[in-house]
Amino acid sequence: MKNDHGFDEVKRILKNNEESLKSIDRRKFLQASGKVASLALGLTIANQFNGLSVSAEAPSFKSYPFTLGIASGEPLPDSVVLWTRLAPDPLNGGGMKQQHDVPVKWEVARDEHFRNVVKHGVEFARAQFGHSVHAEVYGLQPGTEYFYRFKVGNDISQVGRTKTLPPFTANISKLSFAFASCQHYNEYFTAYDHMAKEDLDLVYHLGDYIYETGQSGDGADGRIHNTPEIYTLEDYRNRYALYKSDVDLQKAHEAFPWIVTWDDHEVEDNYAGGVPSKNDQTLAEFAIRRAAAYQAYYEHMPLRRTSMPHKDSMQLYRTLTYGNLAHFNILDTRQYRDDQANGDLWKAPTPESEDPKRTILGDEQEAWLLGELDQSKATWNVLAQQVFFARRDGKMGAGDNLSMDAWDGYPAARNRILSHVRDHNISNLVVLTGDVHTNWANDIKLDYTNPDSPSIGVEFVGTSITSGGDGYDIGSYGINIMKENPHIKFYNNQRGYIRCTVTPQSWQSDYRVVPYVSRPGAAISTRISFKVENGKPGLQNVGQAIAAT
């Protein structure tokens, strides 16, 4: 394929420049390797409509082509994205022998039996993109439930349910959604089975959709990564196929439209922009790996063409406005950040970590975020993002021990946002967070050194779907952390997701947990619920239960 020749050319150029790249400081890599990264990404996805032949005949497959399920996402008042990928042999590159684009029919109906089809069309499964389909359907009614399906040859996909957004300026009385993150394949995705049965309008996924690591651990009932650590485009495609073959994950995608953003494991643990976290690859090799990972992410998510990888980036930060009720700013804290200070991990703050020029969002995204907060006319202003936002000191007593990968490693960037919220009287700030595989509830302060400092917003940190294993309730670690950080009001180390119910009067977050993920069949319960009243930033505990074990 033309794409393969592109990667060969990238490798040739990188080899010729290898010695010069070795001498470049890691933190200056983004500037120094911009052309290299652009070339890598550009050739990865170049000429996606480059004249590859399109089959006019109905294809036939030796096995079912919709093995990876279906999904919808990116809802607007008049539009939604429908996704699937043809993969009759999912764990072996997809098994599509055709080197041409394949036409796939789609239908959207008002009923799940498709007696009232309102939209239909054909979208191509692009060979250049692993025979994935991203159908952007327009002309739908706002705030309306629809059902959809695909057909190729004689095969018909599963049926999915989706929903458009209400009109941007509509008065909305209620929104229900869930958010989740961090699903390691070694354990059971039981939480998604329960999520699919909830009464939700949409779902947010905040990163670590896959893990890039190799075949570590025993896995539950033989659930284990199917390859060593992944580096190439084919590697990433096979890893997504492994995860998307999970039935419970497929159910949750079929039930609701998803809004997705990534964290680090979609590429490599704790990478920062163009800088890898491990020394097992050169900067040049990492540019190629990141390009492959970015393309595979696009191929497997219900994203619009505006998020298609381009040059040295992929556009993932964006907004979702739910009438006049909630304005969601979906952030990307991984792609544009400065390299972690102090060598990463948990460290005491230093002049390096507290450098006022440091950024976790990048200058362009940060300016965009402040502008979106200024323009919002919604009751609730939300940051849907990846890493721990509030300050979290892990050292008991004198001194500090902070995560250099979280916002604590970029305190100047956090202060710029919170000062802007204060100075511009932006109301009802809510931060949604994943990444840390544990549940937390935090009051957000301008001055964490002053316990009497008023709250300026709240943060709900959701646990993992599976990462970390079965877990436990609170333990001494959580008790000590809350004593050291009085703005942290809750900690729990079980698996699950957070369900949110939003009205003009209040925001309620229910921490939904399962007692185990090492085997199937776990029940779900609400461990605790917190409420925030409109105009009164601060968490109110409105009910908790003893954790099931």
Side-chain angles (χ1 to χ4, degrees), residues 174-182 190-195 197-200 203-204 206 380 382 388-394 396 428-445 451 455 457-503 505-517 521-534 536-549:
K174 183 181 177 182
L175 162 65
S176 296
F177 72 94
F179 70 91
S181 64
C182 304
T190 310
Y192 279 135
D193 179 43
H194 295 292
M195 181 188 290
K197 299 169 185 175
E198 302 266 18
D199 182 13
L200 306 175
V203 168
Y204 285 89
L206 302 181
W380 301 93
V382 188
F388 213 95
F389 187 83
R391 195 173 193 274
R392 182 176 46 146
D393 179 12
M396 304 303 107
N428 299 323
L429 177 69
V430 177
V431 180
L432 310 178
T433 301
D435 180 56
V436 295
H437 310 168
T438 39
N439 284 311
W440 306 77
N442 311 318
D443 284 333
I444 296 173
K445 307 279 187 178
S455 297
V458 299
E459 179 181 20
F460 299 110
V461 182
T463 187
S464 63
I465 291 293
T466 62
S467 302
D470 288 340
Y472 52 87
D473 187 24
I474 183 168
S476 59
Y477 171 77
I479 293 172
N480 291 334
I481 284 284
M482 288 190 287
K483 287 181 179 178
E484 185 68 23
N485 302 268
H487 59 279
I488 296 178
K489 307 299 182 183
F490 177 66
Y491 168 87
N492 167 271
N493 186 22
Q494 291 179 294
R495 312 284 78 86
Y497 56 89
I498 294 182
R499 179 184 63 198
C500 301
T501 303
V502 187
T503 72
Q505 294 77 35
S506 66
W507 178 301
Q508 180 165 318
S509 289
D510 304 319
Y511 288 71
R512 305 280 281 163
V513 298
V514 293
Y516 52 84
V517 292
I524 196 162
S525 61
T526 298
R527 174 63 181 82
I528 197 169
S529 297
F530 285 98
K531 180 176 286 188
V532 184
E533 294 183 24
N534 181 0
K536 297 180 181 179
L539 296 165
Q540 302 176 32
N541 183 340
V542 293
Q544 59 182 314
I546 301 298
T549 58

Nearest heavy-atom pair of [X] and [Y]: which atoms, and what distance?
| X | Y | result |
| --- | --- | --- |
| Glu533 | Asn428 | O-OD1, 4.1 Å |
| Gly394 | Ile481 | CA-CD1, 3.8 Å |
| Ala523 | Pro515 | O-CD, 3.2 Å |
| Gly496 | Ala191 | CA-CB, 4.1 Å |
| Ala180 | Tyr497 | CB-CB, 4.2 Å |
| Ser506 | Trp380 | C-CZ2, 3.5 Å |

Hey, could you give me the [atom1]/[atom2] distance between [X] and [Y], rounded to the nearest 0.5 Å?
| X | Y | atom1 | atom2 | answer |
| --- | --- | --- | --- | --- |
| Cys182 | Ile465 | SG | CD1 | 9.0 Å |
| Trp440 | Ile488 | CH2 | CD1 | 5.0 Å |
| Thr466 | Arg495 | OG1 | CZ | 8.0 Å |
| Arg512 | Ser525 | CZ | OG | 7.5 Å |

Practice prompt. Give me the one residue out of Phe388, Tyr511, Tyr477 that meets ring-ring contact (aromatic ring centres under 6.0 Å, His included) with Tyr491.
Written response: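 That would be Tyr477; it is the only one of Phe388, Tyr511, Tyr477 passing the ring-ring contact (aromatic ring centres under 6.0 Å, His included) with Tyr491.
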Tell me if a side-chain donor or acceptor on [X] pairs with a main-chain N or O of [Y] at a distance below 3.5 Å.
| X | Y | answer |
| --- | --- | --- |
| Thr463 | His437 | yes |
| His194 | Ala522 | yes |
| Asn485 | Asp393 | yes |
| His487 | Arg391 | yes |
| Gln494 | Val513 | no |

Worksheet entry | Contacts of Asp470 that satisfy salt bridge (Lys or Arg N to Asp or Glu O under 4.0 Å) - sequence neighbours left out |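 Applying salt bridge (Lys or Arg N to Asp or Glu O under 4.0 Å) to Asp470 gives none.
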Discussion item. Against Lys489, only a single residue in Asn442, Ile528, Asp443 fulfils side-chain contact (heavy atoms from CB on, under 4.5 Å); can you say which?
Written reply: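 For Lys489, the side-chain contact (heavy atoms from CB on, under 4.5 Å) test succeeds with only one of Asn442, Ile528, Asp443, which is Asp443.
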Discussion item. Could you tell me if the side chain of Val532 sits less than 4.5 Å from the side chain of Val430, heavy atoms only?
Written reply: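 Result no, sub-4.5 Å side-chain heavy-atom pair not found.
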Discussion item. So Met195 and Ile524, do their side chains get closer than 4.5 Å, heavy atoms only?
Written reply: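 Result no, sub-4.5 Å side-chain heavy-atom pair not found.
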Worksheet entry | Polar side chain donor-acceptor pair, Ser529 to Asp510, under 3.5 angstrom |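 A donor-acceptor contact under 3.5 Å links the two side chains.
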Worksheet item: Can you list the steps and then say if Leu539 with Phe460 is a side chain to side chain contact (heavy atoms under 4.5 Å, CB included)?
Response: CA-CA 10 Å; Leu539 296 165; Phe460 299 110; 3.5 Å; yes
Worksheet item: Which is it for Arg527 and Asn439 under the side chain to side chain contact (heavy atoms under 4.5 Å, CB included) test, yes or no, and what are the steps along the way?
Response: CA-CA 10 Å; Arg527 174 63 181 82; Asn439 284 311; 6.0 Å; no
Discussion item. For Lys531, I'd like to know if atom NZ has over 12 heavy atoms of other residues, nucleotides or ligands within 6.0 Å.
Written reply: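 Open.
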Practice prompt. Go through the steps to decide whether Asp435 and Leu206 satisfy the test side chain to side chain contact (heavy atoms under 4.5 Å, CB included), and finish with yes or no.
Written response: CA-CA 8 Å; Asp435 180 56; Leu206 302 181; over 6 Å; no
Worksheet item: Quick check, are the ring centers of Phe177 and Trp507 under 6.0 angstrom apart?
Response: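 That pair passes the under 6.0 Å test.
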